[in-house]
Amino acid sequence: DYALHFLETFKKPNVGEVTYSNYVRITKLHIIKALGEKKVGDVSASNCQNLLSSLLEEGKGRTTEEVKNLLTWIFDGAVADHLIDVSPMRTVRVPKHRREIGKCMPKDVLTPLIGEPKSRYDYIILLLAYTGLRPGEVKSAVFIDGFITVRNGKTPTNAPPSFRRFPLHTRLLPYVKQIEENVDVNMDEVSRHFRKKVKGYRLYDLRHTFTTYIQESGANSKWVDYVTNHVGAQNVTQKVYTHWTDDFQRKEMEKLQF
């Protein structure tokens, strides 16, 4: 109860909707599942260390890091709320997780993956390959007159939501209806489906692949930053003063060749 109270009180007002949902999902799936029957003051450092060690043994390095961060925040909150005197996380240690750098998929690996869609997951994979969307942005997608509008996944804390609009590649146009019907699909299921079809790559690698190939095809790099919402590469001129015309955007998108 306190873990969820902490997230709603201290995290929800200060992070994006997707990030908050991810915190809740991880907390329920791992922390509450393992420690949920204990009172805050009854959770020991050994309990926390054993939970994290078991995740490491399963090869879940990134999940371990996320769970460790959440446990640290939650118990620091419990100390601040005078529920406990000392956080059990003070003595807990795990190796730092080295995050994978995104990879561009070779065309001989990508081409079979983006062939004729045969399942609802394939429609989403096709969408990601031809748009460079973050998987977490798919659910917000709206399709109108050959264009897609999505809510930007990377939005500064406490900033109002922002959106980007760009054209769909002609490869996607025959499948707009099917894609639209499946944007609410569980992305974890899409990821599992993807990994079954392609070994050695992650679903997020489709974003890196799109970015690489569309720039190699000669598309305007500043426009690619806009399409992919590559926040770090955008300056004030791009964010505030640049407005891409529909015709320009269509021509740039059609340069993409896999």
* If every non-hydrogen atom of T91 is compared with every non-hydrogen atom of Q49, which pair is closest and at what distance? -> O-OE1, 4.3 Å

* **Interatomic spacing from CD in Q215 to CG in L256 - rounded to 0.5 Å** => 11.0 Å

* Asked: Is there side-chain contact between L4 and E8, with at least one heavy-atom pair below 4.5 Å?
  -> no

* Asked: With sequence neighbours left out, what residues match T72 under side-chain hydrogen bond (donor to acceptor under 3.5 Å, both in side chains)?
  -> none

* **Shared hydrophobic cluster, L83 / I31 (ILVMFWY, side-chain heavy atoms < 4.5 Å)** => yes

Acceptor/donor pairs from residues 136-145 side chains to any protein atom, 3.5 angstrom cut, sequence neighbours excluded:
from: E137; atom 1: OE1; to: R134; atom 2: N; distance (Å): 3.1
from: E137; atom 1: OE1; to: R164; atom 2: NH2; distance (Å): 2.7
from: E137; atom 1: OE2; to: R134; atom 2: NH1; distance (Å): 2.6
from: E137; atom 1: OE2; to: G153; atom 2: N; distance (Å): 2.7
from: E137; atom 1: OE2; to: R164; atom 2: NH1; distance (Å): 3.1
from: S140; atom 1: OG; to: E137; atom 2: O; distance (Å): 2.8
from: S140; atom 1: OG; to: R151; atom 2: N; distance (Å): 3.0

* Structure fact -> Excluding V86, membership of its hydrophobic cluster (Ile, Leu, Val, Met, Phe, Trp, Tyr; side-chain heavy atoms within less than 4.5 Å) reads none

* Asked: Under 4.5 Å between any side-chain heavy atoms of Y20 and V24, yes or no?
  -> yes

* Determine, using the 4.5 Å side-chain heavy-atom cutoff (strictly less than), whether F248 and I214 are members of one ILVMFWY cluster. => yes

* Structure fact -> Scanning both residues in full, the closest heavy-atom pair of V92 with A45 reads CG2-O, 3.7 Å

* To do: Please answer whether the main-chain N or O of L51 pairs with a side-chain N or O of S54 as donor and acceptor at a distance below 3.5 Å.
  => yes

* To do: For K118, enumerate each residue passing the salt bridge (charged side-chain N to carboxylate O under 4.0 Å, His left out) test, keeping only those at least two apart in sequence or located in another chain.
  => none

Compile the donor-acceptor pairs under 3.5 Å between side chains in residues 123-133 and protein atoms, sequence neighbours left out, one pair per line.
from: T131; atom 1: OG1; to: L127; atom 2: O; distance (Å): 2.6
from: T131; atom 1: OG1; to: L133; atom 2: N; distance (Å): 3.3

* Asked: Looking at NE2 of H208 and CZ of R202, how far apart are the two atoms once the value is rounded to the nearest 0.5 Å?
  -> 6.0 Å

* Same cluster (ILVMFWY, side-chain, under 4.5 Å), F166 and F258 -> yes

* To do: Using a strict cut-off of less than 4.0 Å between a Lys/Arg side-chain nitrogen and an Asp/Glu carboxylate oxygen, indicate whether D246 and R165 qualify as a salt bridge.
  => yes

* Counting N and O atoms only, with roles assigned by atom type, does the side chain of N47 sit under 3.5 Å from a partner on the main chain of S44, one being a donor and the other an acceptor? -> yes

* Asked: How about K12: does its NZ atom have over 12 heavy atoms from other parts shown lying under 6.0 Å from it?
  -> no

* Stepwise side-chain contact (heavy atoms from CB on, under 4.5 Å) check, F147 with Q249 -> CA-CA 10 Å; F147 276 71; Q249 291 206 74; 4.2 Å; yes

* To do: With R62 as reference, evaluate E66, E65, E58 under the salt bridge (Lys or Arg N to Asp or Glu O under 4.0 Å) test and give the passing residue.
  => E66

* To do: Kindly write out the residues that satisfy side-chain hydrogen bond (donor to acceptor under 3.5 Å, both in side chains) with R171, not counting sequence neighbours, or none if the list is empty.
  => none

* Please report the closest heavy-atom contact between E189 and Y121, naming both atoms and the distance. => OE1-OH, 2.8 Å

N/O donor-acceptor pairs under 3.5 Å from side chains in residues 105-117, not counting sequence neighbours:
from: T111; atom 1: OG1; to: K107; atom 2: O; distance (Å): 2.7
from: E116; atom 1: OE1; to: Y175; atom 2: OH; distance (Å): 2.9
from: E116; atom 1: OE2; to: Y175; atom 2: OH; distance (Å): 3.2

* Please list, chain by chain and in numerical order, all residues satisfying salt bridge (charged side-chain N to carboxylate O under 4.0 Å, His left out) with E181, sequence neighbours excluded. => K177

* Distance in Å, M89 CE paired with C48 SG, rounded so as to fall on 0.5 Å steps -> 5.5 Å

* So do V67 and L52 actually touch side chain to side chain, heavy atoms under 4.5 Å? -> yes

* Any side-chain heavy-atom pair from W244 and V227 closer than 4.5 angstrom? -> no

* Structure fact -> When rounded to the nearest 0.5 Å, the distance separating CD1 of I74 from CG of L35 is 9.5 Å

* With side chains defined as the heavy atoms from C-beta onward, is the minimum distance between L7 and L70 less than 4.5 Å? -> yes

* Asked: Would you say N182's side chain and I179's backbone share a donor-acceptor pair under 3.5 angstrom?
  -> no

* D76 and S87: which non-hydrogen atoms are nearest, and at how many Å? -> OD1-CB, 4.0 Å

* Could you tell me whether Y23 and W73 have their ring centroids closer than 6.0 angstrom? => yes

* Would you say N186 has more than 12 foreign heavy atoms packed within less than 6.0 Å of its CG? -> yes

* To do: With sequence neighbours left out, write down each residue that passes salt bridge (charged side-chain N to carboxylate O under 4.0 Å, His left out) with K39, or none if nothing qualifies.
  => none

* By side-chain hydrogen bond (donor to acceptor under 3.5 Å, both in side chains), which residues pair with D81, not counting sequence neighbours? -> Y2

* **N/O donor-acceptor pair under 3.5 Å between N229 side chain and D225 backbone** => no

* Kindly state each residue pair satisfying side chain to side chain donor-acceptor pair (under 3.5 Å) with at least one member in residues 25-37, sequence neighbours excluded. => N22-R25

* **From CG (L168) to CG (L173), nearest 0.5 Å** => 6.0 Å

* Asked: E252 side chain to N220 main-chain N or O, any donor-acceptor pair under 3.5 Å?
  -> yes

* **Which atom of D184 lies closest to which atom of R120, heavy atoms considered** => OD1-NH2, 4.0 Å

* To do: Validate the cation-pi geometry between K103 and Y201: distance from NZ or CZ to the six-membered ring centre under 6.0 Å, angle to the ring axis within 45°.
  => yes

* Can you check whether Y213's main-chain N or O pairs, donor with acceptor, with S217's side chain at less than 3.5 Å? -> yes

* Considering residues at least two apart in sequence or located in another chain, which fulfil the side-chain hydrogen bond (donor to acceptor under 3.5 Å, both in side chains) criterion with Q257? -> none

* Side chains of S53 and V94: closer than 4.5 Å at any heavy-atom pair? -> no

* Any side-chain donor paired with an acceptor under 3.5 Å for S191 and R195? -> yes

* Treat each ILVMFWY residue as a node, draw an edge where side-chain heavy atoms are under 4.5 Å apart, and state whether I148 and F163 are in one component. => no

